[in-house]
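Working notes, beginning with the structure itself.
Start at 1 with the first residue, then count along the sequence. Atom set for the values below is all heavy atoms of this structure, side chains included, hydrogens, waters and symmetry mates excluded.
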Amino acid sequence: MNNGFLDLSPWATVAYTLILTHITIAAVTIFLHRHQAHRTLTLNPVVSHFFRFWLWLTTGMITREWVAVHRKHHAKCESDEDPHSPQVLGLRKVLWRGAELYRREASREETREQYGKGAPDDWIERHLYTPYNFVGIVLMLVINLALLGPVGVAVWAVQMVWIPFWAAGVINGVGHYVGYRKFQSPDASTNIVPWGIVIGGEELHNNHHAFPNSARFSSRWWEFDLGWFYIRLLSLLGLARIKRVAPRPAKLVPGEGNIDAEAVRAVINARYQVLAGYGRDVLKRVYREELRRRKSDRSLKARFRQARSLLLREERLLDEGSQRTLQQVFEESQALKTAYQFRKRLQSIWQSAAGPDQVRTALQEWCRQAEATGIEALQRFARQLGGYRLRDA
């Protein structure tokens, strides 16, 4: 049997396949996602073109189309205009038909025009990569057949489904449906697992949505972003320049203080972390206290338990049934209703697009009114808010 030029053993063929698909993952996360879509780093022209050429060979994706669809996803996240939200379309559809959703959105000229600005538009893009994107994947098939023999067809098939499944399906689907959330970003994004290895760091999807302009997706010492490791390596070799990274998690300095300019900067830059802290230190504590007070009423306790996860969800993502459940709980607990409303008011402060002085005034007034509620957890959080600081990135 002809095993091709390399004459690889079965295990060596598996290793060959994993190496090639991993290079493709690296090209997507470093070149398409962080470099092209979000401009969080610059790449040496040789490195940039290698990634572009590799994606032409292994996916047939057109850079401008991918960038446009992804930027629209961020701009319209979890709305009817989001190209691939499982909150709108359902997890099954996005997981198994993610590539189809991508192609449908990429075919729209208005999407490409509005969101695809700045993508490569040189001679080779206009005359080869874009009009003949199918040629690359055919060439990849020929290369695999020459190197591996007939088994090269199976390897090529794995390469062709790798990105549609892991990126278009898993990240766009599971990454907005299942997992943990460190930041209360205004969407349903999740971190699938804390170690971003298989998909090059894209597993840390909630971190990315909280700080989309950051080249680094990991935010805690125990999280690992393989794509960031490669970017740091390219940077050390002079082949990449990192433009922006998310601030390190904000921390509370000892004691309590008034809202000053440094606290305003910390709250604005780490707003999703502040919101997560509010959920943990205020909403969850108030919820537990209110639940304990009603321990003798089984039907009421059941209703409270239904509302537990809803308290931390973005309000616009709640369906009518969920909203009704929350409303019923709020009718039973004024304290929980107040804590929930103060969360919404805190969000509105940084969504107002006001200047630092106006934000400072608004936060001071928020803290003053929070103190007047008599809710201990809320009062404690308000006193601590002035102590927020940013660590160096």
Side-chain angles (χ1 to χ4, degrees), residues 17-44 47-74 83-84 94-95 98-103 105-106 115-116 118-120 125 129-130 133 136-137 140 156-176 189 191-193 195-205 207-209 212-218 224-234 239-240 242:
T17 306
L18 291 175
I19 290 170
L20 265 58
T21 52
H22 187 72
I23 295 172
T24 305
I25 288 286
V28 169
T29 188
I30 296 171
F31 173 73
L32 282 180
H33 196 185
R34 310 189 204 204
H35 170 55
Q36 283 291 314
H38 294 288
R39 304 292 178 181
T40 63
L41 71 150
T42 58
L43 291 171
N44 176 279
V47 175
S48 179
H49 201 164
F50 167 76
F51 282 140
R52 188 156 48 124
F53 171 73
W54 186 262
L55 290 168
W56 178 70
L57 275 180
T58 58
T59 69
M61 290 190 300
I62 297 170
T63 302
R64 183 176 179 229
E65 292 181 353
W66 195 97
V67 167
V69 173
H70 184 72
R71 287 175 179 169
K72 184 172 183 178
H73 163 63
H74 275 268
H84 43 64
V94 177
L95 180 61
E100 177 186 331
L101 296 172
Y102 160 80
R103 287 193 295 270
E105 190 63 44
Y115 297 102
E125 187 70 40
Y129 292 160
T130 294
N133 62 315
I137 57 179
M140 189 73 247
W156 177 83
V158 171
Q159 288 181 277
M160 293 304 105
V161 301
W162 202 257
I163 293 302
F165 175 72
W166 288 109
V170 173
I171 295 301
N172 293 340
V174 178
H176 281 262
S189 61
N191 292 331
I192 301 174
V193 292
W195 309 288
I197 299 173
V198 175
I199 324 178
E202 298 289 336
E203 294 93 330
L204 296 163
H205 202 56
N207 292 0
H208 167 60
H209 269 263
N213 293 323
S214 173
R216 180 185 64 210
F217 292 172
S218 56
F224 180 70
D225 172 9
L226 185 58
W228 173 247
F229 171 80
Y230 291 149
I231 289 168
R232 289 287 293 157
L233 183 60
L234 289 170
L239 299 175
I242 300 162

Point-to-point distance, once rounded to the nearest 0.5 Å, from [atom1] of [X] to [atom2] of [Y]:
{"X": "Ser189", "Y": "Asn172", "atom1": "OG", "atom2": "CG", "answer": "12.0 Å"}
{"X": "Ile62", "Y": "Tyr129", "atom1": "CD1", "atom2": "OH", "answer": "12.5 Å"}
{"X": "His35", "Y": "Thr42", "atom1": "NE2", "atom2": "OG1", "answer": "7.5 Å"}
{"X": "Leu55", "Y": "Asn133", "atom1": "CG", "atom2": "CG", "answer": "12.0 Å"}
{"X": "Phe51", "Y": "Trp54", "atom1": "CZ", "atom2": "CH2", "answer": "11.0 Å"}
{"X": "Leu233", "Y": "Trp228", "atom1": "CG", "atom2": "CH2", "answer": "12.0 Å"}

Between [X] and [Y], which heavy-atom pair has the shortest distance, and what is it?
{"X": "Leu226", "Y": "His22", "result": "CD2-CE1, 3.3 Å"}
{"X": "Ile242", "Y": "Ala215", "result": "CG2-CB, 4.2 Å"}
{"X": "Ala168", "Y": "Ala99", "result": "CB-N, 3.7 Å"}
{"X": "Ala119", "Y": "Arg39", "result": "N-NH2, 3.9 Å"}
{"X": "Trp66", "Y": "Val28", "result": "CZ2-CG1, 4.2 Å"}
{"X": "Leu20", "Y": "Met140", "result": "CD2-CE, 4.1 Å"}

Practice item. Just do the side-chain hydrogen bond (donor to acceptor under 3.5 Å, both in side chains) check on His38 and His70 with the steps written out, would you? Key: CA-CA 9 Å; His38 294 288; His70 184 72; 3.0 Å; yes

Review point. With a cut-off of under 6.0 Å to the ring centre and 45° to the axis, is Arg34 in cation-pi contact with Phe217?
Key: yes

May I have the list of side-chain donor-acceptor pairs in residues 156-163 shorter than 3.5 Å, sequence neighbours left out?
from, atom 1, to, atom 2, distance (Å)
Trp156, NE1, Ile137, O, 2.8
Gln159, OE1, Asn144, ND2, 2.7

[X] vs [Y] side-chain heavy atoms within contact, under 4.5 Å:
{"X": "Leu43", "Y": "Leu239", "answer": "no"}
{"X": "Pro120", "Y": "Gln36", "answer": "yes"}
{"X": "Phe50", "Y": "Ile23", "answer": "yes"}
{"X": "Phe31", "Y": "Ser48", "answer": "yes"}

Revision key, fill the gap. Those residues at least two apart in sequence (or on a different chain) that pass salt bridge (charged side-chain N to carboxylate O under 4.0 Å, His left out) with Glu65 are none

Check your understanding: Glu202 pairs by side-chain contact (heavy atoms from CB on, under 4.5 Å) with which of Ile192, Asp225, Ile171, Ile25?
Key -> Ile171

Practice item. Could you tell me whether Arg52 and Glu125 make a salt bridge, using a distance below 4.0 angstrom between a side-chain N and a carboxylate O? Key: yes

Exercise for review: May I ask you to decide if Asn191's main-chain N or O and Asn207's side chain share a donor-acceptor pair within less than 3.5 Å?
Suggested key: no

**Study point:** Crowding at CZ, Phe229 (>12 non-hydrogen neighbours, <6.0 Å)
**Key:**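 Atom CZ in Phe229 is not packed in, count stays at 12 or less.
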
Exercise for review: Start with the C-alpha distance between Thr29 and Ile199, add both sets of side-chain angles, then the distance that settles side chain to side chain contact (heavy atoms under 4.5 Å, CB included), and finish with yes or no.
Suggested key: CA-CA 8 Å; Thr29 188; Ile199 324 178; over 6 Å; no

Check your understanding: Aromatic ring centroids of Tyr115 and His73 under 6.0 Å?
Key ->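 Between Tyr115 and His73, the centre distance exceeds or equals 6.0 Å.
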
Practice item. Give the intermediate values and the outcome of side chain to side chain contact (heavy atoms under 4.5 Å, CB included) for residues Val94 and His176. Key: CA-CA 10 Å; Val94 177; His176 281 262; over 6 Å; no

Check your understanding: Mind checking whether His74 and His209 have parallel, tilted or perpendicular rings, split at 30° and 60°?
Key -> parallel

**Study point:** Aromatic plane relationship, His33 with His208 - under 30° parallel, 30 to 60° tilted, over 60° perpendicular
**Key:** perpendicular

